[in-house]
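Comments concern the structure below.
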Amino acid sequence: KRVAILLSGGGSNMMTLVDSMTGDHPARPCFVGSNDPNAGGLAKAAAQGIPTGAVDHKPFGKDRGAFEDALRALIDAHAPDIVCLAGFMRVLTADFVQAYEGRMLNIHPSLLPKYKGLHTHARALEAGDAEAGCTVHEVTPLLDDGPILGQARVAVEAGDTPDTLAQRVLTQEHRLYPAVLRRFASGDRTPVIL
Ligand code: GRF
């Protein structure tokens, strides 16, 4: 299976996914892309010998469709079987999502369905939750809403800030996403619960 990974930032999730696709793993990375040509994750992927590319979303302004057409052309040039969103920070239109229906995954730093959208850790702390975590789900047209493929939980600790909680959750993201991808790439959609 060929896996394309989309990111917007440092790409720590991309790196753990790439590092996991070795040996008898049924998938290999075929492309790493971004909406930001300066995303740190692109250089990390290139250093691993993975084809990379970016479409800067800013020149497209409000024309989300034109941006996504350009991004899709880049992605599809590498013929992925699976697309993994990993710290990709653009909301995607239904057209884009439907082009990859049933084969696009996303990792979200909350225990979905709680805290869809942004600032998940601050919201969990604000609510006084005892637990937080991350979720891998299939991407569907509704934001952060598709079938859940995996979850990992962490305890919220006294004195936690959004940053300390984010770090604890990110550690679990790096365990969860590779486990979900391996299962998904082998055709098994049983959720991974860590
Ligand atoms: C992190 O906040 C993570 O929780 C979310 O995307 C952000 C950046 O991740 N999934 P990465 O280091 O670029 O993979």
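Here, residue 1 is the first one in the sequence, and each next residue gets the next number. One-based numbering, in listed order, for ligands and for the atoms of each.
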Distance-only check: which donor-acceptor pairs under 3.5 Å involve side-chain atoms of residues 179-189, not counting sequence neighbours?
| residue | atom | partner | partner atom | Å |
| --- | --- | --- | --- | --- |
| R182 | NH2 | D24 | OD1 | 2.6 |
| R182 | NH2 | D24 | OD2 | 3.4 |
| R183 | NH1 | T190 | O | 3.0 |
| R183 | NH1 | P191 | O | 3.0 |
| S186 | OG | R182 | O | 3.2 |
| S186 | OG | R183 | O | 2.8 |
| D188 | OD1 | T190 | N | 2.7 |
| D188 | OD1 | T190 | OG1 | 2.5 |
| R189 | NH1 | E138 | OE2 | 2.9 |
| R189 | NH2 | G102 | O | 2.9 |

Show me the side-chain donor-acceptor pairs of residues 70-78 shorter than 3.5 Å, one per line, residues at least two apart or across chains.
| residue | atom | partner | partner atom | Å |
| --- | --- | --- | --- | --- |
| D76 | OD1 | Y100 | OH | 2.7 |
| H78 | ND1 | L74 | O | 3.0 |

Tabulate below the donor-acceptor pairs under 3.5 Å that side-chain atoms of residues 35-42 make, not counting sequence neighbours, or state none.
| residue | atom | partner | partner atom | Å |
| --- | --- | --- | --- | --- |
| N35 | OD1 | S8 | OG | 2.6 |
| N35 | ND2 | H57 | ND1 | 3.0 |
| D36 | OD1 | N38 | N | 2.7 |

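Around atom NZ of K58, more than 12 heavy atoms belonging to other residues, nucleotides or ligands sit under 6.0 Å away.
Residues E157 and T164 have side chains that never bring a donor and an acceptor to within less than 3.5 angstrom of each other. No side-chain N or O of H137 forms a donor-acceptor pair with one of T135 less than 3.5 Å apart.
Near ligand 1, residues G10, G11, S12, N13, G87, I107, P109, L170, E173 come within 4.0 angstrom through at least one heavy atom.
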